Amino acid sequence: MNDFLHKFVGSLSAREKAAFRKYASMHSGGEQKNYVRLYDGLESNPDSGLHQIREQFRGESIDKYWSSECNYLFQQLMGSLSNFHRSTSPYRRLNQMVVFVDILLEKGFRNKAGKILRQAKKLAYEFEEFSIILRLIELEEDVLFREGIIGFAEQLNKHGQERQRIVDQIQNLNELRLLREQVRSLQFTESFVTNASRFPNIFDNPLLEDPNLALSIKAKENWYYIRSIREFILRRFDQAHIRQKDYLAFFERHEHFFKKSRKLPILSNSLYIATLNKDLRYFENTLVKLEILEKDPSQDSIYIRYIKYARLLDFYSITKSWDKIRKVLAKTGEYLHDYHQQMGEAQVGYLVELVVRSYILLDQYSQGMEWVRFWYQVPQLEVNASIRRIFTLIIYEELELQQLLGSELDSAYRELKKIDRLGPLETAFIQYCRLCFRHPGQKRKHLQELSRELETISCDPAANKDFVYFDFHAWSCRRVEQLKS
């Protein structure tokens with residue numbers, strides 16, 4: 001509890017901290033209670049260890065009853081936060097209304113309870129809070145039984161039918177949520193799929209044929225996500241672009257159902273798929289929507305900037321906008337240095353990958369080398385292991401770092417073989433770099449051989465999936481031409 005409590009206090013926003021102090025002052029009767037003093041110690045020493053904070057109270061009752069004092073502070077914090085956030089979402093407002101109805105019924109005020117119950121039910125249907133609706137149906141039945149009237153079997157039957165409709169909607173929503181996770185998992189393990197028949201539950205599922213088979217707005221949101229990602233995984237990027245446009249438009253029509261933060265990954269995917277289709281107009285319009293959210297103080301500005309820099313690096317790379325990519329690289333580098341500890345590991349790894357790729361495209365291998373060192377300090381998803389190894393080999397070979405190249409050749413081969421990622425592309429680069437390592441004076445010859453092999457790989461759907469992220473053949477052709485001069 002102690003470590004958690006320290007982190008929990010540190011997670012509070014400025015407004016939440018102000019609300020807690022107001023809450024504490026209302027309940028302290030003018031005295032400075034132990035839990036307030038403990039809170040002050042935790043809040044004012046975010047970087048100190050707990051033993052140092054506890055030392056401040058040595059010999060006092062806070063120290064003597066440390067665990068119970070920490071537990072009591074946690075209870076008071078939760079009381080304050082519950083009060084502060086009680087109206088910040090329909091779900092929280094509805095939970096409070098359910099408590100009101102329950103208390104009023106217990107005290108015998110059935111008319112007032114019924115009025116609040118009807119208001120709550122209307123709000124619950126409006127926001128598709130299905131679990132709350134089931135509880136409200138139960139409370140409606142309680143009212144009927146408490147009134148003690150005879151002959152309400154017909155009303156109970158209607159409640160039963162209503163309950164079954166809600167249960168069906170919950171089941172439908174859960175099925176689509178499960179499919180969403182399955183397609184998302186497939187994207188992060190396989191990247192792209194060449195044989196859809198291997199995954200019939202995703203690519204041949206009747207539930208995904210018609211949006212009307214999704215029985216609620218929340219279910220439809222999952223339906224649109226699945227359909228978009230499904231096209232992306234099959235590398236039908238033009239169709240994915242259409243589906244993603246539909247998804248974003250659907251979400252914007254029903255934004256009141258969802259937290260604002262739910263829009264961020266939708267905008268990110270929209271920007272990326274627009275990039276793959278080189279749809280500049282749609283990209284710029286979507287970027288404006290992201291920048292509007294960036295100005296919203298309630299949103300995660302670090303995450304928004306991650307999306308922005310990643311998608312700009314993608315777009316400028318594909319459109320070969322070299323001057324623009326240099327400007328974004330400078331901002332991205334500063335951003336990573338300042339905020340990488342506050343970002344998710346996968347986000348850091350992906351953004352560094354884009355930075356390294358950009359420097360390779362710009363033939364600035366020394367700068368790329370600086371980020372390779374940083375890259376290997378970040379945990380990496382297996383699906384990205386091939387790109388990291390190939391980019392590292394390219395940079396070591398281009399900079400003629402023979403000792404590092406020799407070590408990387410052995411390391412890359414072992415890792416990629418172990419995780420079953422040693423495909424034609426990986427093998428081609430390992431063989432090329434091995435030849436360059438052994439015969440550095442024949443680089444142009446080896447590069448020409450690599451280029452011919454990459455051309456063959458680029459035409460093979462089972463082997464060319466990483467060409468979506470980096471056109472290896474185009475890079476090799478450009479390097480061959482550069483070595484002629």
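Given the structure is predicted, the values throughout are model-derived calculations rather than measurements. Numbers for residues simply follow the sequence, beginning at 1.
- K465 and E190 are not joined by a salt bridge, as no carboxylate oxygen comes within less than 4.0 angstrom of a charged side-chain nitrogen.
- Two residues are said to be in side-chain contact when any heavy atoms from C-beta on lie closer than 4.5 Å; F391 and W375 meet this criterion.
- One N or O on the side chain of S25 and one on the backbone of K22 form a donor-acceptor pair closer than 3.5 Å.
- In this structure, the salt bridge (charged side-chain N to carboxylate O under 4.0 Å, His left out) partners of R163, at least two apart in sequence or on a different chain, are E141.
- In this structure, the side chain to side chain donor-acceptor pair (under 3.5 Å) partners of S268, at least two apart in sequence or on a different chain, are R311.
- Screening residues 326-343 for salt bridge (Lys or Arg N to Asp or Glu O under 4.0 Å) gives D323-R326 as the qualifying pairs, with residues at least two apart or on separate chains.
- Across all their heavy atoms, L94 and A120 have their closest contact at CD2-O, 3.2 Å.
- Environment of NZ in K324: sparse, with no more than 12 heavy atoms of neighbouring residues, nucleotides or ligands closer than 6.0 Å.
- Considering only heavy atoms from C-beta on, F232 comes within 4.5 Å of Y272 through its side chain.
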Yes or no on side chain to side chain contact (heavy atoms under 4.5 Å, CB included) for S317 and I325, after CA distance, side-chain angles and deciding distance?
-> CA-CA 7 Å; S317 293; I325 207 171; 3.1 Å; yes
Between R165 and E162, is a salt bridge (charged side-chain N to carboxylate O under 4.0 Å, His left out) present by the stated rule, with each step listed?
-> CA-CA 5 Å; R165 287 197 301 273; E162 183 182 14; 5.1 Å; no
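- In this structure, the side chain of R227 engages the main chain of L208 through a donor-acceptor pair within 3.5 Å.
- The distance from atom OG of S298 to atom CZ of R15, rounded to the nearest 0.5 Å, is 9.5 Å.
- No more than 12 heavy atoms of other residues, nucleotides or ligands lie within 6.0 Å of CG in D420, so this atom counts as exposed by the packing criterion.
- Residues E426 and D466 meet the side-chain proximity criterion, which asks for heavy atoms closer than 4.5 Å.
- Between Y335 and R305, the closest heavy-atom pair is CE1-CB, 3.7 Å.
- Residues V101 and L105 meet the side-chain proximity criterion, which asks for heavy atoms closer than 4.5 Å.
- Between atom CG of residue L271 and atom OG1 of residue T286 there is a gap of 5.5 Å, rounded to the nearest 0.5 Å.
- Salt-bridge check for K64 with E69: failed, with every basic side-chain N at 4.0 Å or more from each acidic carboxylate O.
- We find that K289 and E284 are not joined by a salt bridge, their nearest charged nitrogen and carboxylate oxygen being 4.0 Å or further apart.
- Counting only heavy atoms from C-beta outward, the side chains of R21 and Y39 approach each other to under 4.5 Å.
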Go through the steps to decide whether H159 and E138 satisfy the test side chain to side chain donor-acceptor pair (under 3.5 Å), and finish with yes or no.
-> CA-CA 9 Å; H159 285 149; E138 184 181 0; over 6 Å; no
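- Annotation: F74 is not in aromatic contact with Y35 [ring centroid separation under 6.0 Å not met].
- A side-chain contact (heavy atoms from CB on, under 4.5 Å) with Y350 holds for exactly one of V352, L354, V348; it is L354.
- Formation of a donor-acceptor pair under 3.5 Å by the E16 side chain with backbone atoms of S13 is found in this model.
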Output, in order, the C-alpha distance, side-chain angles, deciding distance and verdict of salt bridge (charged side-chain N to carboxylate O under 4.0 Å, His left out) for E255 and R262.
-> CA-CA 9 Å; E255 279 192 83; R262 287 285 297 276; over 6 Å; no
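- Between Q56 atom CD and L42 atom CG the span is 9.0 Å, to the nearest 0.5 Å.
- The heavy-atom pair separating A124 from I133 by the smallest distance is CB-CG1, 3.5 Å.
- Between the CD atom in E128 and the CG atom in L215 there is a gap of 10.0 Å [rounded to 0.5 Å].
- One N or O on the side chain of T189 and one on the backbone of S185 form a donor-acceptor pair closer than 3.5 Å.
- Ion pairing between a basic and an acidic side chain is recognised when a charged N comes within 4.0 Å of a carboxylate O; K107 and D102 show no such pairing.
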May I have the step-by-step check of ring pair (Phe, Tyr, Trp, His ring centres under 6.0 Å) for W371 and H337, ending in yes or no?
-> CA-CA 11 Å; W371 285 102; H337 279 119; 5.2 Å; yes
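- Figure legend: R357 and F470 shown without cation-pi pairing, the cationic atom not lying both under 6.0 angstrom from the six-membered ring centre and within 45 degrees of its axis.
- Proximity of D296 to I304: side-chain heavy atoms (C-beta onward) are nowhere separated by under 4.5 Å.
- No donor-acceptor pair closer than 3.5 Å links the side chain of H241 to the backbone N or O of F237.
- Of all the heavy atoms in G349 and V378, the pair that sits closest is N-CG1, 3.9 Å.
- No donor-acceptor pair closer than 3.5 Å links the side chain of S228 to the backbone N or O of Y224.
- The closest donor-acceptor contact from the side chain of T332 to the backbone of V328 lies under 3.5 Å.
- Across A219 and N172, no two heavy atoms sit closer than the pair CB-OD1, 3.5 Å.
- Proximity of a side-chain donor or acceptor of S68 to a complementary backbone N or O of Y65 within less than 3.5 Å is detected.
- For the pair C70 and L5, the tightest heavy-atom approach, listed with the atom from each and the gap, is O-CD2, 3.6 Å.
- In this structure, CG in L234 is found 10.0 Å from CZ in F199, a value given to the nearest 0.5 Å.
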Verdict with supporting geometry, I137 and K121, side chain to side chain contact (heavy atoms under 4.5 Å, CB included) = CA-CA 9 Å; I137 293 172; K121 200 169 184 183; 4.1 Å; yes
Show the numbers, then the answer: is there a side chain to side chain donor-acceptor pair (under 3.5 Å) between S270 and Q244?
-> CA-CA 6 Å; S270 298; Q244 190 65 25; 3.2 Å; yes
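- Taken to the nearest 0.5 Å, the CG atom of N222 stands 6.0 Å off from the CG atom of L173.
- Salt-bridge check for E415 with R389: passed, with a basic side-chain N closer than 4.0 Å to an acidic carboxylate O.
- A cation-pi geometry, defined here as NZ or CZ lying under 6.0 Å from the six-membered ring centre and within 45° of its normal, holds between R388 and Y376.
- A salt bridge links E252 with K263: the distance from a Lys NZ or Arg NE/NH1/NH2 to an Asp or Glu carboxylate oxygen falls below 4.0 Å.
- Ring-centre distance between Y91 and F127: not below the 6.0 Å cut-off.
- Side chains of L136 and Y125 form no contact here, defined as non-hydrogen atoms less than 4.5 Å apart.
- Within the 4.5 Å cutoff, no side-chain heavy atoms of E221 are placed close to those of H254.
- Using a 4.0 Å cut-off between a side-chain N of Lys or Arg and a carboxylate O of Asp or Glu, E129 and K218 qualify as a salt bridge.
- N71 and Q75 form no side-chain donor-acceptor contact under 3.5 Å, judged by distance and modelled atom types alone.
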